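Data block below; observations after.
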Amino acid sequence: MVAHFFCELLIRMQAIGRATASNYELRMTQNELADVFGITVVHLNRTLRDLRDQDLIMLKRGRADIPDLARLESFCDFNQSYLHLSSRGIR
């Protein structure tokens, strides 16, 4: 769920010109992210640590960096087709 969120947010931010191929601004605290997912901050922190340990995502200074989007998409079975952005020339 958390990994899927980071994939989707990258695609959506790219669609509006607010992301590069691999990173975007993410000015949310861990408390706010935990609220988004309906989980505790402790659980979110462990999940983010696992994603970092696998080099799937890096969060630093208000930015989310996804070093290998294809790997992250594979990890969480992300398929952007439900976003219906391909008709707009996005990825």
Side-chain angles (χ1 to χ4, degrees):
M1 165 174 57
V2 175
H4 195 279
F5 170 82
F6 286 107
C7 287
E8 180 174 337
L9 198 53
L10 177 64
I11 302 303
R12 289 181 179 276
M13 295 292 271
Q14 287 173 341
I16 62 169
R18 300 281 310 227
T20 68
S22 65
N23 69 62
Y24 53 92
E25 186 174 350
L26 182 68
R27 302 249 177 218
M28 295 178 75
T29 66
Q30 286 193 6
N31 285 335
E32 292 167 332
L33 284 170
D35 283 345
V36 166
F37 300 119
I39 60 177
T40 66
V41 175
V42 171
H43 185 70
L44 174 70
N45 189 281
R46 288 179 184 149
T47 302
L48 292 174
R49 185 183 60 224
D50 290 344
L51 292 172
R52 274 192 309 267
D53 289 348
Q54 296 179 58
D55 294 322
L56 293 171
I57 189 162
M58 293 183 289
L59 301 174
K60 192 172 189 179
R61 295 187 183 131
R63 295 202 68 82
D65 184 45
I66 301 170
D68 188 341
L69 180 58
R71 226 176 110 231
L72 184 61
E73 287 175 337
S74 177
F75 174 81
C76 65
D77 292 326
F78 180 78
N79 181 342
Q80 70 168 308
S81 63
Y82 77 96
L83 297 172
H84 304 287
L85 295 173
S86 62
S87 62
R88 298 180 188 161
I90 306 298
R91 254 180 25 125

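We're numbering straight along the sequence, starting at 1. From a predicted model like this one, the values you see are computed outputs, not experimental measurements.
- Looking at heavy atoms from C-beta onward, Val2 lies in side-chain contact with Leu44 at the 4.5 angstrom threshold.
- Residues Phe37 and Val42 do not share a hydrophobic cluster, defined by chaining ILVMFWY side chains whose heavy atoms lie under 4.5 Å apart.
- No more than 12 heavy atoms of other residues, nucleotides or ligands shown are found within 6.0 angstrom of CZ on Arg46.
- In this structure, the separation between CG on Leu26 and CG on Leu59 is 6.5 Å, given to the nearest 0.5 Å.
- The heavy-atom pair separating Glu25 from Met13 by the smallest distance is O-CE, 4.0 Å.
- In this structure, the side chains of Glu8 and Phe78 come closer than 4.5 Å at one or more pairs of heavy atoms.
- Side-chain contact, Asn79 with Ser81: a donor N or O sits under 3.5 Å from an acceptor N or O.
- Heavy atoms only, all atoms of each residue included: Pro67 and Met58 are closest at CG-CE, 3.9 Å.
- To the nearest 0.5 angstrom, Glu73 atom CD is 11.5 Å from Leu56 atom CG.
- Residues Leu33 and Val41 fall into different hydrophobic clusters, defined by Ile, Leu, Val, Met, Phe, Trp and Tyr side chains chained together at heavy-atom separations under 4.5 Å.
- Taken to the nearest 0.5 Å, the CD atom of Gln30 stands 10.5 Å off from the OG1 atom of Thr40.
- Shown here for Tyr24 and Arg18, the closest heavy-atom pair between the two residues is CB-O, 3.9 Å.
- Judged by distance alone, the side chain of Thr47 and the main-chain N or O of His43 form a donor-acceptor pair under 3.5 Å.
- Nearest heavy-atom pair across Leu10 and Ser22 is CD1-C, 4.2 Å.
- The environment of CZ in Arg71 is crowded: more than 12 heavy-atom neighbours from other residues, nucleotides or ligands sit within 6.0 Å.
- With rounding to the nearest 0.5 angstrom, the CD1 atom of Ile57 is 10.5 Å from the CG atom of Asn23.
- Looking at Asp65, Leu69, Leu48 one by one, the single match for side chain to side chain contact (heavy atoms under 4.5 Å, CB included) with Phe6 turns out to be Leu48.
- What you find for Glu32 and Arg27 is that their closest heavy atoms are OE1-O, 4.1 Å.
- If you take CG on Asn45 and CD1 on Ile39, they are separated by 10.0 Å, rounding to the nearest 0.5 Å.
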